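As the structure is a prediction and not an experimental result, all values here were calculated from the model. Throughout, residue positions are numbered sequentially from 1 according to the sequence presented.
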Amino acid sequence: MNKSFLKLAKEFQGRSYDSMVSHTSIVFTRYIMLTLQSRKNNNVRTIGGFFYQCCDELQDIKFCEVMNLIIDILKNVLTEKLLLSKDIIHSIIDSFIATLPCYIKEKLVFLS
């Protein structure tokens, strides 16, 4: 039954249990080795650490820095597109920050 299910009948002619287990183990080992070789040849993440070198170039940005960048971009857009004064922009930003959840407001204390 195992030979039929795993399609091992064509290359294996043993009938004892030990020979079937041995052959099945060899086939699985061969499959694993071929899969690893295929992955090394085709998968970009395994080309000699190239993937990790590319990832290391990108620095992690803290949440506060990201929010500061987003709010700065929002201020610039409001200034350029809507021609609003700085006082109105600051009141809009303060209103925006006031409506945020508490756990985000705690991280944005420096912006208010």
Side-chain angles (χ1 to χ4, degrees):
M1 182 176 150
N2 285 334
K3 286 171 42 178
S4 297
F5 182 71
L6 298 173
K7 298 181 181 166
L8 302 175
K10 293 181 181 175
E11 64 180 50
F12 175 65
Q13 298 300 321
R15 288 186 170 44
S16 73
Y17 179 77
D18 290 337
S19 63
M20 284 193 296
V21 169
S22 299
H23 184 264
T24 305
S25 299
I26 291 170
V27 168
F28 286 152
T29 304
R30 181 176 61 197
Y31 174 76
I32 290 169
M33 292 171 68
L34 289 172
T35 303
L36 284 172
Q37 187 63 32
S38 173
R39 181 179 170 131
K40 285 183 182 179
N41 291 337
N42 298 330
N43 195 340
V44 180
R45 293 179 290 179
T46 59
I47 300 176
F50 180 68
F51 176 76
Y52 295 109
Q53 290 173 356
C54 290
C55 288
D56 289 342
E57 290 180 9
L58 300 174
Q59 295 179 355
D60 291 336
I61 300 176
K62 294 181 181 177
F63 177 76
C64 294
E65 294 173 2
V66 171
M67 286 303 292
N68 194 13
L69 288 171
I70 291 172
I71 290 176
D72 285 343
I73 292 170
L74 178 63
K75 286 179 184 178
N76 291 337
V77 169
L78 290 174
T79 303
E80 292 174 8
K81 299 294 183 187
L82 299 178
L83 304 172
L84 299 174
S85 69
K86 296 211 182 246
D87 293 333
I88 295 174
I89 291 173
H90 286 296
S91 68
I92 291 171
I93 298 296
D94 289 339
S95 299
F96 171 72
I97 292 173
T99 58
L100 292 173
C102 293
Y103 64 91
I104 295 178
K105 277 193 234 180
E106 291 171 359
K107 297 185 184 280
L108 300 178
V109 173
F110 69 95
L111 292 175
S112 55

In Å, rounded to the nearest 0.5 Å, how long is the span from CZ of Phe96 to CG of Leu100? 4.5 Å
Taking atom CD1 of Ile89 and atom CG of Asp94, what is their separation to the nearest 0.5 Å? 12.0 Å
Sequence neighbours excluded, the answer for side chain to side chain contact (heavy atoms under 4.5 Å, CB included) partners of Leu74 is Leu78, Ile93
In this structure, CD1 of Ile73 is separated from CG of Asn68 (nearest 0.5 Å) by 10.0 Å
For Ser85, give me all partners under side chain to side chain contact (heavy atoms under 4.5 Å, CB included), at least two apart in sequence or on another chain. Asp87, Ile88
Does Tyr103 belong to the same Ile/Leu/Val/Met/Phe/Trp/Tyr cluster as Ile71, with side-chain heavy atoms less than 4.5 Å apart forming each link? yes
Hydrophobic cluster identity match, Ile92 and Leu82, side-chain contacts under 4.5 Å: yes
